[in-house]
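Just so you know, these numbers use all the heavy atoms, side chains as well, and skip hydrogens, waters and symmetry mates. Throughout, numbering of the chain's residues begins at 1 and tracks the sequence. Note that the structure is a prediction, hence the values are computed from the model and not measured. Atoms within each ligand, like the ligands themselves, are counted from 1 in listed order.
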Amino acid sequence: MEKKNKTLGEFIIENQSEFQYSTGELSKLINAIRLAAKVVNHEVNKAGLIDILGEAGDTNVQGEDQQKLDVLANEKFIQALRKREIVCGIASEEEDDFITINSQDENHQNKYVVLIDPLDGSSNIDVNVSVGTIFSIYRRVTPVGTPVKLEDFLQPGKNQVAAGYVVYGTSTMLVYSTGHGVNGFTLNPAIGTFYLSHPNMQFPETGKIYSVNEGNYVHFLQGVKDYIKYCQEEDGDRPYTSRYIGSLVSDFHRNMIKGGIYMYPKSSVTQNGKLRLLYECNPMAFIAEQANGMAIGGKNRILDIVPTELHQRVPFFCGSKKMVEKLQEFLDKYH
Ligand code: AHG
Ligand code: MN
Ligand code: MN
(Lines give C-alpha, C1' and ligand atoms only; values in the text may rest on other atoms or scores of the structure.)
(Ligands and ions follow the chains in the order given, each with its own letter.)
Protein backbone atom coordinates (compact mmCIF):
# COMPACT_ATOMS: atom_id res chain seq x y z
CA MET A 1 0.00 0.00 0.00
CA GLU A 2 1.21 3.48 -0.76
CA LYS A 3 2.54 5.29 2.32
CA LYS A 4 0.59 8.42 3.12
CA ASN A 5 2.38 11.26 4.83
CA LYS A 6 0.46 13.02 7.53
CA THR A 7 -0.34 16.67 6.93
CA LEU A 8 0.49 19.29 9.54
CA GLY A 9 -3.24 19.89 9.99
CA GLU A 10 -3.83 16.22 10.79
CA PHE A 11 -0.81 16.11 13.08
CA ILE A 12 -1.99 19.12 15.08
CA ILE A 13 -5.40 17.56 15.68
CA GLU A 14 -3.97 14.15 16.60
CA ASN A 15 -1.53 15.60 19.09
CA GLN A 16 -3.77 18.16 20.71
CA SER A 17 -4.42 15.99 23.77
CA GLU A 18 -0.68 15.70 24.42
CA PHE A 19 -0.76 19.23 25.60
CA GLN A 20 -1.23 19.69 29.31
CA TYR A 21 -3.84 22.44 29.39
CA SER A 22 -5.31 21.61 26.03
CA THR A 23 -8.36 23.61 25.11
CA GLY A 24 -7.47 23.70 21.45
CA GLU A 25 -6.07 27.18 21.85
CA LEU A 26 -2.46 26.17 21.26
CA SER A 27 -3.52 24.16 18.21
CA LYS A 28 -5.26 27.21 16.79
CA LEU A 29 -2.15 29.20 17.44
CA ILE A 30 0.10 26.75 15.56
CA ASN A 31 -2.47 26.84 12.76
CA ALA A 32 -2.21 30.62 12.54
CA ILE A 33 1.57 30.34 12.38
CA ARG A 34 1.24 27.71 9.65
CA LEU A 35 -0.87 30.12 7.63
CA ALA A 36 1.48 33.08 8.13
CA ALA A 37 4.43 30.86 7.17
CA LYS A 38 2.77 30.12 3.83
CA VAL A 39 2.13 33.79 3.17
CA VAL A 40 5.71 34.76 4.02
CA ASN A 41 7.00 31.83 1.98
CA HIS A 42 5.17 33.26 -1.01
CA GLU A 43 6.73 36.69 -0.45
CA VAL A 44 10.23 35.30 0.07
CA ASN A 45 9.99 33.26 -3.11
CA LYS A 46 9.19 36.22 -5.27
CA ALA A 47 11.79 38.48 -3.62
CA GLY A 48 14.14 38.14 -6.58
CA LEU A 49 11.37 39.05 -9.02
CA ILE A 50 10.51 42.36 -7.45
CA ASP A 51 12.79 44.47 -9.66
CA ILE A 52 11.67 42.63 -12.78
CA LEU A 53 7.99 43.08 -11.96
CA GLY A 54 8.72 46.71 -11.08
CA GLU A 55 10.31 47.31 -14.47
CA ALA A 56 7.25 45.88 -16.14
CA GLY A 57 5.22 48.56 -14.38
CA ASP A 58 3.59 46.10 -12.03
CA THR A 59 3.54 48.22 -8.89
CA ASN A 60 1.16 47.53 -6.05
CA VAL A 61 -2.31 49.12 -5.99
CA GLN A 62 -1.30 51.86 -3.60
CA GLY A 63 1.69 52.63 -5.82
CA GLU A 64 3.90 52.18 -2.76
CA ASP A 65 7.54 51.16 -2.82
CA GLN A 66 8.14 47.52 -2.11
CA GLN A 67 8.51 47.04 1.61
CA LYS A 68 11.56 45.43 3.09
CA LEU A 69 10.89 41.75 3.56
CA ASP A 70 11.53 41.69 7.28
CA VAL A 71 8.95 44.44 7.82
CA LEU A 72 6.51 42.59 5.58
CA ALA A 73 7.06 39.27 7.36
CA ASN A 74 6.52 41.05 10.67
CA GLU A 75 3.19 42.44 9.45
CA LYS A 76 2.01 39.10 8.08
CA PHE A 77 2.71 37.21 11.28
CA ILE A 78 1.17 39.87 13.50
CA GLN A 79 -1.86 40.08 11.23
CA ALA A 80 -2.42 36.31 11.26
CA LEU A 81 -2.25 36.20 15.06
CA ARG A 82 -4.25 39.36 15.67
CA LYS A 83 -7.09 38.53 13.27
CA ARG A 84 -7.72 35.13 14.78
CA GLU A 85 -7.80 36.59 18.28
CA ILE A 86 -5.86 33.71 19.76
CA VAL A 87 -3.13 35.47 21.68
CA CYS A 88 -3.19 38.23 24.25
CA GLY A 89 0.16 39.71 23.30
CA ILE A 90 2.95 39.65 20.73
CA ALA A 91 6.57 40.75 20.95
CA SER A 92 8.69 40.97 17.84
CA GLU A 93 12.31 41.69 17.02
CA GLU A 94 10.95 44.30 14.60
CA GLU A 95 8.90 46.21 17.22
CA ASP A 96 10.27 48.44 19.97
CA ASP A 97 7.63 47.38 22.45
CA PHE A 98 5.25 44.45 22.87
CA ILE A 99 1.78 44.58 21.32
CA THR A 100 -1.30 44.14 23.51
CA ILE A 101 -4.25 42.39 21.88
CA ASN A 102 -7.82 43.24 22.93
CA SER A 103 -6.75 44.85 26.15
CA GLN A 104 -10.09 46.62 26.44
CA ASP A 105 -12.11 43.44 26.39
CA GLU A 106 -12.66 42.17 29.93
CA ASN A 107 -13.82 38.82 28.57
CA HIS A 108 -10.72 38.25 26.57
CA GLN A 109 -9.71 34.79 27.69
CA ASN A 110 -6.61 34.15 25.60
CA LYS A 111 -3.75 32.78 27.64
CA TYR A 112 -0.77 32.83 25.31
CA VAL A 113 1.85 35.32 24.25
CA VAL A 114 3.98 34.89 21.13
CA LEU A 115 7.48 36.20 20.49
CA ILE A 116 8.87 36.24 16.96
CA ASP A 117 11.86 36.94 14.81
CA PRO A 118 9.78 37.35 11.62
CA LEU A 119 12.71 37.18 9.22
CA ASP A 120 15.96 35.71 10.41
CA GLY A 121 19.07 36.04 8.27
CA SER A 122 17.55 38.97 6.40
CA SER A 123 20.89 40.08 4.97
CA ASN A 124 20.81 36.87 2.90
CA ILE A 125 17.67 37.85 0.99
CA ASP A 126 19.49 39.91 -1.64
CA VAL A 127 21.78 37.01 -2.49
CA ASN A 128 19.15 34.27 -2.73
CA VAL A 129 20.27 32.37 0.36
CA SER A 130 17.94 30.65 2.85
CA VAL A 131 16.27 32.71 5.54
CA GLY A 132 13.80 31.80 8.29
CA THR A 133 11.22 32.76 10.89
CA ILE A 134 11.53 31.89 14.59
CA PHE A 135 8.65 31.78 17.09
CA SER A 136 8.27 31.16 20.79
CA ILE A 137 5.09 30.68 22.85
CA TYR A 138 4.45 31.15 26.59
CA ARG A 139 1.44 31.10 28.87
CA ARG A 140 0.95 34.53 30.35
CA VAL A 141 1.73 34.92 34.06
CA THR A 142 -0.63 37.84 34.74
CA PRO A 143 -4.39 37.18 35.10
CA VAL A 144 -6.47 36.35 32.03
CA GLY A 145 -8.84 39.16 31.07
CA THR A 146 -6.36 41.94 31.94
CA PRO A 147 -3.93 43.63 29.56
CA VAL A 148 -0.63 41.78 29.19
CA LYS A 149 2.41 43.16 30.99
CA LEU A 150 6.12 43.10 30.31
CA GLU A 151 6.54 40.25 32.81
CA ASP A 152 4.43 37.99 30.57
CA PHE A 153 7.22 38.24 27.99
CA LEU A 154 10.24 38.26 30.29
CA GLN A 155 9.98 34.62 31.30
CA PRO A 156 12.90 32.19 31.31
CA GLY A 157 13.02 30.03 28.19
CA LYS A 158 12.28 26.89 30.18
CA ASN A 159 8.71 28.19 30.58
CA GLN A 160 8.07 27.97 26.82
CA VAL A 161 5.10 25.80 25.93
CA ALA A 162 6.07 25.63 22.28
CA ALA A 163 8.69 26.98 19.91
CA GLY A 164 9.60 26.51 16.31
CA TYR A 165 11.01 27.90 13.13
CA VAL A 166 10.31 28.03 9.45
CA VAL A 167 13.19 27.70 7.02
CA TYR A 168 12.60 29.12 3.56
CA GLY A 169 15.22 27.01 1.82
CA THR A 170 15.44 24.75 -1.20
CA SER A 171 12.19 23.54 0.29
CA THR A 172 10.21 25.36 2.94
CA MET A 173 9.97 23.57 6.25
CA LEU A 174 8.18 24.22 9.50
CA VAL A 175 9.87 22.62 12.51
CA TYR A 176 8.34 22.87 15.97
CA SER A 177 8.00 21.35 19.40
CA THR A 178 5.35 21.55 22.09
CA GLY A 179 7.67 19.86 24.57
CA HIS A 180 7.18 16.34 23.24
CA GLY A 181 10.06 16.06 20.80
CA VAL A 182 10.61 17.91 17.54
CA ASN A 183 8.83 17.34 14.25
CA GLY A 184 9.55 18.81 10.83
CA PHE A 185 7.03 19.43 8.03
CA THR A 186 7.87 20.16 4.41
CA LEU A 187 5.68 22.39 2.28
CA ASN A 188 4.42 21.05 -1.02
CA PRO A 189 4.20 24.41 -2.81
CA ALA A 190 1.98 23.06 -5.57
CA ILE A 191 -0.92 22.54 -3.17
CA GLY A 192 0.17 24.66 -0.22
CA THR A 193 0.19 21.81 2.31
CA PHE A 194 2.83 20.97 4.91
CA TYR A 195 3.56 17.23 5.27
CA LEU A 196 5.27 15.47 8.16
CA SER A 197 8.63 14.71 6.54
CA HIS A 198 10.97 14.65 9.56
CA PRO A 199 9.28 12.95 12.54
CA ASN A 200 11.10 13.00 15.89
CA MET A 201 14.15 15.03 14.84
CA GLN A 202 17.27 14.51 16.94
CA PHE A 203 20.72 16.07 17.03
CA PRO A 204 23.33 13.35 16.55
CA GLU A 205 25.26 12.94 19.85
CA THR A 206 28.28 14.46 18.17
CA GLY A 207 29.16 15.84 14.75
CA LYS A 208 31.86 17.26 12.54
CA ILE A 209 30.58 20.74 11.74
CA TYR A 210 31.38 23.97 13.55
CA SER A 211 29.54 27.16 12.61
CA VAL A 212 30.84 30.54 13.68
CA ASN A 213 31.62 33.87 12.06
CA GLU A 214 35.35 33.31 12.11
CA GLY A 215 36.01 36.80 10.75
CA ASN A 216 35.52 37.94 14.34
CA TYR A 217 38.15 35.49 15.65
CA VAL A 218 40.55 38.16 16.82
CA HIS A 219 37.85 39.58 19.15
CA PHE A 220 36.81 36.26 20.73
CA LEU A 221 37.64 35.20 24.28
CA GLN A 222 40.53 32.81 24.68
CA GLY A 223 38.31 29.79 25.47
CA VAL A 224 36.44 30.16 22.17
CA LYS A 225 39.68 30.70 20.24
CA ASP A 226 41.14 27.54 21.76
CA TYR A 227 38.02 25.54 20.92
CA ILE A 228 38.16 26.72 17.29
CA LYS A 229 41.81 25.63 17.14
CA TYR A 230 40.74 22.27 18.62
CA CYS A 231 38.16 21.91 15.81
CA GLN A 232 40.92 22.52 13.28
CA GLU A 233 43.52 20.15 14.75
CA GLU A 234 44.28 16.87 13.05
CA ASP A 235 43.36 14.12 15.51
CA GLY A 236 40.80 11.31 15.35
CA ASP A 237 37.71 12.64 13.57
CA ARG A 238 39.20 16.13 13.39
CA PRO A 239 39.71 18.54 11.70
CA TYR A 240 36.00 19.37 11.59
CA THR A 241 34.27 21.10 8.72
CA SER A 242 33.45 24.81 8.94
CA ARG A 243 29.98 25.82 7.69
CA TYR A 244 28.42 29.23 8.28
CA ILE A 245 25.45 30.54 6.33
CA GLY A 246 24.73 33.60 8.46
CA SER A 247 21.08 32.66 9.00
CA LEU A 248 20.77 31.14 12.46
CA VAL A 249 17.73 29.11 11.36
CA SER A 250 19.56 27.54 8.43
CA ASP A 251 22.79 26.93 10.33
CA PHE A 252 20.85 25.35 13.20
CA HIS A 253 18.71 23.23 10.88
CA ARG A 254 21.72 21.80 9.08
CA ASN A 255 23.55 21.08 12.33
CA MET A 256 20.51 19.34 13.83
CA ILE A 257 20.31 17.03 10.82
CA LYS A 258 24.04 16.41 10.33
CA GLY A 259 25.51 16.98 13.79
CA GLY A 260 27.37 20.15 14.65
CA ILE A 261 27.80 23.18 16.88
CA TYR A 262 26.71 26.80 16.29
CA MET A 263 28.48 29.61 18.12
CA TYR A 264 27.80 33.32 18.47
CA PRO A 265 30.14 34.29 21.30
CA LYS A 266 30.56 37.60 23.01
CA SER A 267 33.69 39.41 21.92
CA SER A 268 35.79 42.39 22.82
CA VAL A 269 33.48 44.51 20.64
CA THR A 270 30.05 42.97 21.36
CA GLN A 271 29.83 42.38 25.10
CA ASN A 272 26.74 40.19 24.89
CA GLY A 273 27.16 38.72 21.44
CA LYS A 274 24.57 39.53 18.82
CA LEU A 275 21.65 37.15 19.06
CA ARG A 276 18.47 38.05 20.93
CA LEU A 277 17.59 35.92 23.90
CA LEU A 278 13.80 36.10 23.50
CA TYR A 279 13.39 35.89 19.74
CA GLU A 280 16.32 33.70 18.71
CA CYS A 281 18.22 31.92 21.50
CA ASN A 282 15.34 30.72 23.69
CA PRO A 283 13.23 29.14 20.94
CA MET A 284 16.30 27.51 19.35
CA ALA A 285 17.50 26.29 22.75
CA PHE A 286 14.07 24.79 23.47
CA ILE A 287 14.10 22.92 20.17
CA ALA A 288 17.72 21.85 20.69
CA GLU A 289 16.96 20.35 24.12
CA GLN A 290 13.83 18.67 22.80
CA ALA A 291 16.01 17.14 20.07
CA ASN A 292 18.65 15.78 22.44
CA GLY A 293 20.96 18.74 21.83
CA MET A 294 22.26 21.40 24.19
CA ALA A 295 22.35 25.22 24.36
CA ILE A 296 24.45 27.37 26.67
CA GLY A 297 25.39 31.01 26.99
CA GLY A 298 28.71 30.32 28.72
CA LYS A 299 28.51 28.55 32.05
CA ASN A 300 24.74 28.75 32.07
CA ARG A 301 21.96 26.91 30.30
CA ILE A 302 20.18 29.32 27.93
CA LEU A 303 16.72 28.22 29.11
CA ASP A 304 17.53 29.18 32.73
CA ILE A 305 18.33 32.82 32.01
CA VAL A 306 15.80 35.22 33.54
CA PRO A 307 15.41 37.98 30.93
CA THR A 308 15.56 41.61 32.00
CA GLU A 309 14.59 43.32 28.74
CA LEU A 310 12.76 42.48 25.53
CA HIS A 311 15.65 42.94 23.15
CA GLN A 312 18.35 41.49 25.37
CA ARG A 313 21.31 39.86 23.63
CA VAL A 314 23.28 36.89 24.94
CA PRO A 315 26.21 34.76 23.79
CA PHE A 316 24.89 31.54 22.26
CA PHE A 317 26.42 28.09 21.80
CA CYS A 318 24.15 25.33 20.62
CA GLY A 319 24.22 21.94 18.99
CA SER A 320 25.19 18.30 19.45
CA LYS A 321 25.57 17.53 23.15
CA LYS A 322 29.12 16.16 23.10
CA MET A 323 30.38 19.11 21.08
CA VAL A 324 28.77 21.70 23.37
CA GLU A 325 30.17 19.88 26.41
CA LYS A 326 33.64 19.94 24.87
CA LEU A 327 33.35 23.66 24.18
CA GLN A 328 32.24 24.17 27.78
CA GLU A 329 35.48 22.55 28.99
CA PHE A 330 37.44 25.13 27.02
CA LEU A 331 35.33 28.02 28.29
CA ASP A 332 35.69 26.84 31.90
CA LYS A 333 39.48 27.00 31.67
CA TYR A 334 39.41 30.77 31.40
CA HIS A 335 36.20 32.23 32.73
P1 AHG B 1 18.33 38.88 11.75
O2 AHG B 1 18.35 38.78 10.26
O3 AHG B 1 17.03 38.45 12.35
O4 AHG B 1 18.79 40.22 12.26
O5 AHG B 1 19.36 37.80 12.36
C6 AHG B 1 20.64 37.67 11.86
C7 AHG B 1 21.44 36.87 12.85
C8 AHG B 1 21.43 35.36 12.67
O9 AHG B 1 20.46 34.85 11.86
C10 AHG B 1 22.78 35.05 12.11
O11 AHG B 1 23.22 33.79 12.54
C12 AHG B 1 23.62 36.15 12.61
O13 AHG B 1 22.79 37.26 12.73
C14 AHG B 1 24.75 36.46 11.67
O15 AHG B 1 25.50 37.45 12.21
P16 AHG B 1 26.93 37.84 11.59
O17 AHG B 1 26.68 38.42 10.25
O18 AHG B 1 27.49 38.83 12.59
O19 AHG B 1 27.76 36.57 11.54
MN1 MN C 1 17.45 36.80 13.59
MN1 MN D 1 15.08 39.24 12.04
Provide the number and element of each atom of ligand 1 under 4.0 Å from a heavy atom of [X].
X      : result
Tyr262 : 10 (C), 11 (O)
Glu93  : 3 (O)
Gly246 : 9 (O), 10 (C), 11 (O), 14 (C)
Ser247 : 9 (O), 11 (O)
Ser122 : 2 (O)

Cation over ring, [X] on [Y], under 6.0 Å and within 45°?
X      : Y      : result
Lys149 : Phe98  : no
Lys225 : Tyr217 : yes
Arg140 : Tyr112 : no

Suppose we only count N/O/S atoms under 2.8 Å; would [X] qualify as near the Mn ion (ligand 3)?
X      : result
Asp117 : yes
Glu93  : yes
Pro118 : no

Tell me the protein heavy atom at minimum distance from [atom], and give that distance in Å.
atom                    : answer
atom 9 (O) of ligand 1  : Asp120 OD1, 2.6 Å
atom 7 (C) of ligand 1  : Leu275 CD2, 3.8 Å
atom 18 (O) of ligand 1 : Tyr264 OH, 2.5 Å
atom 17 (O) of ligand 1 : Lys274 NZ, 3.8 Å

Aromatic ring pairing [X]/[Y], orientation class (parallel under 30°, perpendicular over 60°, tilted between):
X      : Y      : result
Phe252 : Tyr165 : perpendicular
His311 : Tyr279 : tilted
Tyr244 : Tyr262 : parallel

Taking [X] first and then [Y], would you say they form a salt bridge - that is, a charged N and a carboxylate O separated by under 4.0 Å?
X      : Y      : value
Lys158 : Glu289 : no
Arg276 : Asp117 : no
Lys333 : Asp226 : no
Lys322 : Glu205 : yes

Original post:
Tell me, which N, O or S atom in Glu280 is closest to the Mn ion (ligand 2)?
Top reply: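 Of the nitrogen, oxygen and sulfur atoms in Glu280, the Mn ion (ligand 2) lies nearest to OE2.
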Original post:
Tell me, which N, O or S atom in Asp120 is closest to the Mn ion (ligand 2)?
Top reply: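 In Asp120, the N, O or S atom with the shortest distance to the Mn ion (ligand 2) is OD1.
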Subject >> Asn272 (side chain) donor-acceptor with Gln312 (main chain) under 3.5 angstrom >> reply: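 Answer holds: no.
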Original post:
Any side-chain donor-acceptor pair under 3.5 Å between Thr193 and Asn188?
Top reply: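 No, no side-chain donor-acceptor pair sits under 3.5 Å.
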Original post:
Should we count CG of Asn128 as having more than 12 external heavy atoms under 6.0 Å?
Top reply: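 Not more than 12 within 6.0 Å, no.
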**OP:** Could you tell me whether Asn213 approaches ligand 1 through its side chain, its backbone, both or neither, with non-hydrogen atoms closer than 4.0 Å?
**Re:**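 Contact part for Asn213 vs ligand 1: side chain (C-beta onward).
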Original post:
Between Leu119 and ligand 1, which part of the residue brings a heavy atom under 4.0 Å of the ligand: side chain, backbone, both or neither?
Top reply: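 The part of Leu119 near ligand 1 is the backbone, not the side chain.
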Sub-4.0 Å heavy-atom contact, [X] with ligand 1:
X      : answer
Glu280 : yes
Val131 : no
Tyr244 : yes

Subject >> Selected option - heavy-atom contact closest to atom 3 (O) of ligand 1, from Asp117, Thr133, Leu248 >> reply: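 Minimum heavy-atom distance to atom 3 (O) of ligand 1 goes to Asp117.
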Subject >> Option whose closest heavy atom lies nearest to atom 2 (O) of ligand 1, chosen from Gly121, Gly215, Ser123 >> reply: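 It is Gly121 whose heavy atom sits nearest to atom 2 (O) of ligand 1.
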Original post:
Hey, does Asn216 come in under 3.5 Å of ligand 1, counting only N/O atoms on both sides?
Top reply: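 No - when backbone and side-chain N and O of Asn216 are compared with those of ligand 1, no distance drops under 3.5 Å.
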